[in-house]
K.L.:
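Right, I'll just put the structure down here and ask away after.
Order of listing sets the numbers, starting from 1, for every ligand and every atom in it. For reference, positions follow the sequence shown, starting with 1. Worth saying up front: this structure is predicted, and the values here are computed from it rather than measured.
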Amino acid sequence: MTYRIALALVATLATPALAQDVRKGSLTISQPWSRATSPRATVGAGFLTIRNAGARGDRLISATSPRAERVEIHTMSMDGGVMRMRQLVDGLAVPAGGTATLAPSGNHIMLIGLKSPLKAGERVPATLRFARGGTVTVQFVIGGAGDAAPAGQNGGHK
Ligand SMILES: [Cu+2]
């Protein structure tokens, strides 16, 4: 029995970068991840996927994290050939039966006023607040500074 438990523990430790999905009501939050930041950086961006299996639309309206002074929901768009980001002051819609994707070059969760740099391999908690679904706490898995996708999703390439 002890042997089985030990094996299970080793299996868990062998895949530290793979985060568990978090479910709350009709919402499933998948693969929260972020990137390591430089020592002087004051902001970081978090990415994840939100699926809404319910019959009614929901909305991600705000978030908080103990690692940041404040957290905003941002979008990115091209403006005269330059990528710019701005806050989604009304939050981000998660359509009924649909998905909202937060990923590099698109919508993201902005950690503003980092209390310490984000380090590769660590997990950073954040609590998301939904208009209908209430609050859900996720753990952002911190990948490399230049990663384009969560660990295990990029075929080993950066
Ligand atoms: Cu941003």
K.L.:
Please name the pair of heavy atoms, one in Ser26 and one in Asn52, separated by the smallest distance, quoted to 0.1 Å.
P.N.:
OG-OD1, 3.3 Å
K.L.:
What are the two closest heavy atoms between Ala100 and Val94, and how far apart are they?
P.N.:
CB-CG2, 4.0 Å
K.L.:
Would you please classify the geometry between the Phe47 ring and the Trp33 ring as parallel, tilted or perpendicular, with 30° and 60° separating the classes?
P.N.:
tilted
K.L.:
Report yes or no: do Thr101 and Thr49 form a side-chain donor-acceptor pair below 3.5 Å?
P.N.:
no
K.L.:
Report, as a single number, the protein N, O or S atoms less than 2.8 Å from the Cu ion (ligand 1).
P.N.:
4
K.L.:
Within a strict 4.5 Å, meaning less than it, do heavy atoms of the Arg67 and Ser116 side chains meet?
P.N.:
yes
K.L.:
Between Thr75 and Arg86, is there a side-chain donor-acceptor contact under 3.5 Å, judged purely by atom types and distance?
P.N.:
no
